[in-house]
Amino acid sequence: MLKKILVANRGEIAIRIMRACREMGIPSVAVYSQADTDALFAKYADEAYCIGPAPATLSYLNIEAVMQAAKNCGADAIHPGYGFLAENPKFAAACEQEGIKFIGPSSRVLTLLGDKVAARREMIRAGVPVVPGTNECVTEFDQARGIANEIGYPLIIKPSGGGGGIGMTIVANEGDLAKALESTQAIATTTFGICDVYIEKYLTNPRHIEFQLLGDSHGNAIHLGERECSIQRRHQKLIEESPSPAVTTRMQAKMGAIAANAARLVGYEGAGTMEFLFSEGKFYFLEVNARVQVEHPVTEMVTGVDIVKEGIRIASGLPLTLTQKNIHITGSAIECRINAEDPLNDFVPTPGKIMSYHAPGGTGIRVDSGVYASYTIPPFYDPMISKLIVWGRDRHEAITRMQRALYEYIITGPNNNIPFHKAVMENPRFMKGQLGTHFIEEETTLLADMKAIMEREIPLEARLPHVTEYKKRVAAIAAVAAVRQMYS
Ligand code: MV4
């Protein structure tokens, strides 16, 4: 087993990983930027080292600084979490060179999957259904026109070095093709340093469904079912759930087996996700996310598998103890990402000091956060405050439990998107499970619904007039006042 793990990340995911370390008896080491001196993850770790100034390029993205800290503290492994260096093949290679275990796939696999055109080709070879499109990079207009005529419009041009939606251009007809090709190549070059782009048939309003995978270093791979992540805005997921209300048990078993087999064929080690578009009953491969994802807890809630612990076991060289037959999906789980952002002002980030904080609890509730009352959310990073995850015996119970939990949740100080989540949780289309990637744009009443919810809420100060001392208020708030609003 690994002996000491440096966590090359911050916030809730750093704590999530350190919690797994603690349960496994493995000491954890935090590295933090000057902006994160007061952050919870830096306190939670067994050891913590400041590795640089606030900007991520000088700290969390600084490979030399992270490697130096790992060597200095004698860590034999690094967990990259998500974002930052998580899918960086150069970082994984640096770890391999130094004899420090990178907890995740090898630099070879990260290179392969990071090249989205190469990944497409590999997945076709492995028998995974992909979106109709090109299997090599497109450089010239004439080449693009030929391909476009074969697959038909609308189509989408994507940077091969990208992923997650950045720089993608939808093309409605041939008249727009030349400009779209040029602009996507330009964005690809500036954002990813490679001008390579590829073309796919554009699917209008599909669902976004992904399979959770675990592969070990002994050639075993399994899947833990799917997550539906269709509720997103500008390529930022906001709500995720498992299982998808659109996927039958049969489809889950079939696609999961295909995805796990492909992971095994590429030699995938650790936790990973295979992303698909799901349209008219069919799955189309998009890309592999070669890391543990933000939304992994919904899968943990319905399978009972600790995905982070499994990743650490795999990185220690141990074979998977779970077989596909051991994996059973029980009930339904939903995650709401609670962000410091203003839902009334185009969701602009609102970092700042959390004045009072009370997280929901009780049956079936999980809150993964890196904050506390009086903590100041720094402006330099992602403004996520926490992830609120609920489990229910079925989707309906999960939704009503999420409603209850959102009304218990007290965060004062920065504006946050809890009212938005409250509006979605009572949206009729959401409740029916009729989701798609354009859900938020299409549900044009969401903003007004949210405003109505905010207006009917009684201000916190007015809820407990008889309690004068501020601390007493904070304690009493969740117990009585918050939930009542749900029915007001
Ligand atoms: C697509 C697509 C439609 N057709 N590809 C955006 C994120 C990245 N992983 C892939 N994305 C998309 N690729 C084809 N051929 C639509 C999207 C897309 C999307 C996908 C998943 C979740 C949200 C999305 C929002 C807009 C567009």
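One-based numbering, in listed order, for ligands and for the atoms of each. Everything quoted here is computed from the prediction, not taken from an experiment.
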Q. Which is closest to atom 20 (C) of ligand 1 in terms of heavy atoms, I231, I166, L277, I157?
A.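 Comparing heavy atoms across I231, I166, L277, I157, the nearest one to atom 20 (C) of ligand 1 lies in L277.
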Q: Please check atom 17 (C) of ligand 1 for a protein heavy-atom neighbour under 4.0 Å.
A: no
**Q.** F420-F347 aromatic ring centre distance below 6.0 Å
**A.** yes
(Q) Before we go on, tell me: are the rings of Y381 and Y60 under 6.0 Å apart, centre to centre? (A)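 Yes, ring centres under 6.0 Å apart.
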Q: May I ask you to list the atoms of ligand 1 that are less than 4.0 angstrom from any heavy atom of V131?
A: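 Under 4.0 Å from V131, ligand 1 has these atoms: 15 (N).
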Q. Which ligand 1 atoms are under 4.0 Å away from a heavy-atom of E287?
A. 9 (N)
Return yes or no for this condition: an N or O of [X] is under 3.5 Å from an N or O of ligand 1.
{"X": "L203", "result": "yes"}
{"X": "K158", "result": "yes"}
{"X": "E200", "result": "yes"}
{"X": "H438", "result": "no"}
{"X": "Y202", "result": "no"}

Q. If you measure from CE on M450 to CD on E455, what distance do you get to the nearest 0.5 Å?
A. 10.5 Å
Q: Hey, could you give me the CD1/CD1 distance between I418 and I411, rounded to the nearest 0.5 Å?
A: 4.0 Å
Q: Could you tell me whether R337 and E240 make a salt bridge, using a distance below 4.0 angstrom between a side-chain N and a carboxylate O?
A: yes
Q. Within 45 degrees of the axis of the six-membered ring of Y198 and under 6.0 Å from its centre: does K116 put its NZ or CZ there?
A.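 No, K116 and Y198 do not form such a contact.
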Q: Give a yes/no on ligand 1: does M168 have at least one heavy atom closer than 4.0 angstrom to it?
A: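 It does, in that a heavy atom of M168 comes within the 4.0 Å cut-off of ligand 1.
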Q) Taking N205 for the side chain and H438 for the main chain, is one N or O donor matched with an acceptor at less than 3.5 Å? A) yes
